[in-house]
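Please read all numbers here as calculations on a predicted model, not as lab measurements. Computed over heavy atoms, backbone and side chain alike; hydrogens, waters and symmetry mates excluded. Order of the sequence lines fixes the chain letters, A, B, ..., with proteins taken first and strands second; residue numbering starts at 1 for each chain.
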Amino acid sequence: MDLGAALPLLLLASSLIPALVIFVLPEDATATRRVINLVGAVVKVALVGVLVVGVFAGQEYEWRAALLPGIDLVLRVDAIPLLFVFLSALLWLTTTVYAIGYLERYAQRSRFFGFFSLCVTATVGVALAGNLVTFLVFYELLTVTTYPLIVHRGHDDARAGGRAYLLYTVGGGAVLLVGIAWLHSLAGAIEFGDTAAMADLAAAHPTASTAIFALLVAGLGVKAALVPLHGWLPRAMVAAAPVSALLHAVAVVKAGAYGIVRVVYDLYGLRLADDLGVLVPLAGVAAATIVFGSLRALVQDDLKRRLAYSTVSQLSYIVLGISIVGVVTTTGGLVHLVHQGIMKVTLFYCAGNLYQSLGVRRVSEMRGVGRRLPLTMGAFTVAALGMIGIPPTAGFVTKWYLGIGAAKAGQPWVLAILVVSSLLNAAYFLPPIALAWFRAPDGAWAEQPPPTSRLEIDAWHLLPPVATGASVLVLGLLAGAPLSPLSWAQLIAEEIFARP
Amino acid sequence: MTTALWLLPVLLPLAAAGAALLPLRGRGWLLPLAPLPALALGVLGAPGPPPELPWLLLDVRLLLDPLSRVLLVLTALLYVAAGAYARTRPGPDRGFAALLLLTMAGNLGLLLAGDAVSFYALFAVMTVAAYGLVVHDRTPLALRAGRVYIALAVLGEVAIFSGLVLAVQAAGSAELADLPRAVGGAAHRDLIVGLLLAGFGVKAGIVPLHLWLPLAHPAAPVPASAVLSGAMIKAGLVGWLRTLPLGEAALPGWSSGLIILGIVTAFAGIAIGLTQRDPKANLAYSSVSQMGMIAVLVGVGLGTPEAAGLAATGAAIYALHHGFAKGALFLGVGIVKLESDRRRHRWQLAGLGLAALSLAGLPLTSGALAKVALKDALGLVPQDWASLVVLALSFAAAGTTALMGRLLLLVARPAATGRAGAALVAPWIAVLLAVGGATWVLPGALLPDPLRVTLSAGAVWDGLWPVGLGAAAVAVGALLARRRAPALPEVPAGDVVVVAEAAGRRLGSVWSGRVSPTAAGAARRLRALKHAAYLVVLPGGGVDRLDRRLTRWRTAGVLFAVVTGVLLWLVPAAPG
């Protein structure tokens with residue numbers, strides 16, 4: 001097997017093998033488990049590095065094997081998948097570090113880390129899928145492997161959250177399956193990137209094409225938390241902080257948004273989607289979701305619930321960017337895949353630190369926490385300002401591109417949505433920041449003497465949010481640099497619009 | 001090397017903000033030293049062609065024109081003085097120093113920004129960091145000031161964001177140099193101008209967007225108020241001058257609107273300021289009033305393209321004058337309130353009086369030059385009402401004199417104990433020297449068409465009578481006050497905010513049933529309001545219920561089935 005075909009498989013193996021090994025490890029082999037986890041995560045980042053250089057140089061990476069007669073399993077790396085794999089590999093590394101620290105007190109760690117690695121394997125599979133069937137296989141695998149992580153603690157709340165999660169996502173998967181089956185019955189296997197085949201189909205069956213689009217997006221919209229399919233997300237936040245972090249940043253919700261990206265750009269093609277008129281309702285749904293999610297976030301006192309509704313809102317920035325036709329909005333939507341992930345993962349790490357170290361779970365309990373956890377709250381502040389879109393953070397870059405693109409496309413109403421969303425984001429993210437830094441500490445934790453250690457919390461808990469929080473700033477400040485996610489997204493957008 | 005010299009004015013305060021958080025010895029010196037590269041750049045001029053930094057943010061461009069040089073000198077000097085003053089503050093105020101340095105980085109940097117994105121970014125850094133300065137004392141008053149400040153600031157930010165996005169889109173470039181022309185010819189011209197006027201107007205403190213100013217400036221510690229009032233609110237003016245189509249288009253509607261608002265602002269600031277008992281609130285309202293006069297100049301530029309250059313120059317001079325005078329007044333008030341020694345207190349009052357007279361525009365002071373600028377610009381306006389505006393502004397100058405007289409009366413008594421040390425007084429004296437000198441030296445050296453400054457009898461008379469009138473008013477007022485208690489009720493600082501808060505509290509207590517509304521009509525209106533609010537977000541309200549309903553199993557399942565069914569039914573003829 002040549003290197004071009006081996007690399008995609010290696011990328012999967014770098015988390016699949018750790019998963020299998022960890023499952024058979026005894027519970028108390030903590031050190032071995034840590035080493036395996038970290039080696040896997042570092043190897044994956046290194047592999048992605050190789051791929052980035054290769055794809056940039058025009059190299060092709062593809063692996064395929066027959067699944068059923070006429071249907072191949074295809075893993076292919078090109079520009080759009082690379083953006084997603086890059087994000088997953090990096091955040092898997094930081095989240096692994098974080099989870100190692102966080103899970104210290106929990107039971108059943110082998111089970112947890114086994115499924116954790118499987119979950120990432122599935123995410124990478126989703127990213128690299130070269131056709132809808134491959135996508136579906138890994139997408140469903142993701143659903144299944146995430147469930148044990150959500151219910152890991154096993155109490156009633158966790159199980160209820162897990163149930164909600166399963167009902168929604170399995171339902172969504174079923175709708176997706178119907179859409180894919182229908183498509184296959186009409187046109188056979190269509191690979192991502194083969195938009196000409198889809199255009200032929202649409203010429204013959206315009207109504208069916210529209211309906212299939214609706215089915216696919218509805219199925220994907222469950223994971224992407226489009227209103228009214230978002231109900232599972234706030235309930236699934238009962239999971240432990242590292243799981244929520246992964247769930248909200250790279251794994252589940254991102255798989256949904258990413259699926260919509262692939263369907264629009266690589267299956268239908270932007271032009272066809274525009275001609276069919278399916279993008280306008282999609283933009284409407286995205287806009288409604290943005291505002292609705294923020295309105296709900298506004299009244300949540302539970303920090304993680306607030307973050308969950310904020311995810312509902314922020315994910316639709318991606319969908320909105322996709323559904324407004326233009327190079328600039330496309331760039332904005334694609335780059336938000338990365339930006340939203342890094343900002344949200346930071347916020348969940350910080351929420352986890354607040355809980356682990358001070359027992360704080362509610363916004364109203366956050367008075368003075370900045371004094372005890374300055375670096376954590378520094379990262380929180382940067383990421384939250386990014387969510388509002390205040391420069392020079394990564395979130396601002398997204399907002400600026402969406403705004404300029406919308407004005408260019410002659411759709412200034414999008415600007416109004418951005419303004420409303422920024423105001424709402426400010427209304428629910430500024431109060432916790434102000435409480436944390438500018439109020440005197442009160443609450444049970446304030447009575448305890450501060451820990452005597454040099455760090456505010458152990459390094460496993462501290463390094464991940466500091467690293468991701470810093471990158472929220474760096475991604476904004478160096479947005480114009482070559483190989484930044486923004487330039488990458490720009491290249492992709494230009495390529496999409498250069499297609500015949 | 002050149003790139004470093006260009007970037008140092010921002011990088012040094014940023015690095016210093018980081019260093020200020022570390023437990024270093026002598027870190028207090030970071031505050032007065034960090035603005036020095038900016039000061040050097042302002043005084044010496046560009047060290048070479050501006051570097052292009054495409055990798056930074058979204059392609060950063062820099063520029064150094066006369067406007068940025070004049071304001072760099074002002075801003076940097078004020079931060080040096082405020083930093084030196086703040087250095088002596090007791091206690092390990094690490095957070096305060098870091099936030100002051102961050103504010104400084106933004107405030108200095110935005111003057112050098114040559115593209116809309118970096119301008120907006122540095123503006124935002126300044127705005128957000130300054131929140132920490134406002135609430136620094138953590139008193140209920142400071143926290144309330146902070147709430148009003150940040151609410152208006154966020155509204156301003158989104159207005160600026162949308163305005164800039166539309167302007168940049170129209171220009172096809174993010175360079176600030178391209179914006180005014182593009183805005184002048186843009187399809188959404190009025191929308192853009194409105195957004196930018198309002199967005200930057202929040203910072204400039206134009207009525208009715210001034211609400212945060214009289215709350216925030218008194219609440220902040222003295223050095224912070226000095227830079228907030230002296231330097232930061234000028235950033236709003238810079239925003240206007242950089243983005244509005246001055247000289248590119250005649251916008252009579254916006255022009256007269258802004259001139260009227262400016263005059264209203266000028267008089268409202270004086271009227272409300274006169275009733276204040278807190279000297280810093282008095283000064284804050286005076287800033288509101290002075291920014292009104294600057295707004296008049298911008299308004300003139302918007303309506304009469306031929307006068308735009310002169311109006312912009314005048315606005316820059318006015319900003320320079322007001323910045324130094326107000327900085328000196330805030331620092332001075334901090335000093336005289338500390339001093340118990342009679343003799344020293346009297347000298348300090350004299351210094352304060354000097355700054356006050358300059359603010360009022362006494363001939364030979366920087367204020368007089370600023371007034372000449374104002375009148376020259378208005379002289380180019382062809383319409384008849386221009387002379388009325390000049391007259392109104394002369395009365396505003398009389399009002400300013402009265403306001404300053406009231407300020408001196410408020411601080412006339414020495415403190416019971418305490419003493420303002422040399423470390424506090426020295427930076428203040430430096431700013432006082434700048435009040436006397438900078439406005440005369442700088443504009444001539446820097447601005448393209450230095451103003452004709454005449455010391456003719458007419459000009460002196462023009463400058464003198466308002467001051468005399470104001471002084472007479474103060475004397476009369478002081479005499480009356482000695483006879484009986486002053487009849488003037490104090491307008492609470494923050495004026496309209498207070499009314500809104502009171503209404504909100506009343507509504508809140510009616511809402512929760514603590515107080516029953518008196519009339520049936522009021523009850524009905526309240527019910528309607530409650531319904532409206534429920535429709536929005538309250539827990540248990542419409543959005544909440546909608547969310548619950550949407551996320552119930554049965555609904556979700558039925559929705560799925562319905563959607564799928566409808567889609568399948570839509571295409572019955574799909575061949576297999």
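- Between Leu155(B) and Leu423(A) there is a side-chain heavy-atom pair separated by less than 4.5 Å.
- Across every non-hydrogen atom of Pro392(A) and Val125(B), the tightest pair is CD-CG2, 4.0 Å.
- Counting heavy atoms from C-beta outward, Val135(B) and Trp437(A) have side chains that stay 4.5 Å or more apart.
- Residues Leu486(A) and Leu58(B) form a side-chain contact, since some pair of their non-hydrogen atoms from C-beta on lies under 4.5 Å apart.
- Within the 4.5 Å cutoff, side-chain heavy atoms of Leu143(B) are placed close to those of Arg439(A).
- Leu415(A) touches chain B through its side chain: at least one heavy atom from C-beta onward sits under 4.5 Å away, while N, CA, C and O do not.
- Contacts of residues 473-483 of chain A with chain B at a heavy-atom distance below 4.5 Å involve Gly476(A), Leu477(A), Leu478(A), Ala479(A), Gly480(A), Ala481(A), listed in sequence order.
- For Leu195(B), no part lies under 4.5 angstrom from a heavy atom of chain A.
- Contacts between Val60(B) and chain A at a heavy-atom distance below 4.5 Å are absent for every atom of the residue.
- Proximity to chain B is limited to the side chain of Tyr401(A), based on heavy atoms less than 4.5 angstrom apart.
- Val158(B) and Ser422(A) make their closest contact through CG1-CB, 3.8 Å (heavy atoms, listed as atom of the first residue, atom of the second, distance).
- The shortest heavy-atom contact between Lys399(A) and Phe161(B) is O-CZ, 3.5 Å.
- Looking at heavy atoms from C-beta onward, Leu57(B) lies out of side-chain contact with Pro391(A) at the 4.5 angstrom threshold.
- Of the residues considered (Ile150(B), Val128(B), Val117(B), Asp59(B)), Val117(B) shows the highest number of contacts with chain A, using heavy-atom pairs under 4.5 Å.
- Neither the backbone nor the side chain of Leu53(B) has a heavy atom closer than 4.5 Å to any heavy atom of chain A.
- Ring geometry for Phe438(A) versus Tyr131(B): interplanar angle over 60°, hence perpendicular rather than tilted (30 to 60°).
- With a 4.5 angstrom heavy-atom cutoff, Val328(A) does not touch chain B via any of its atoms.
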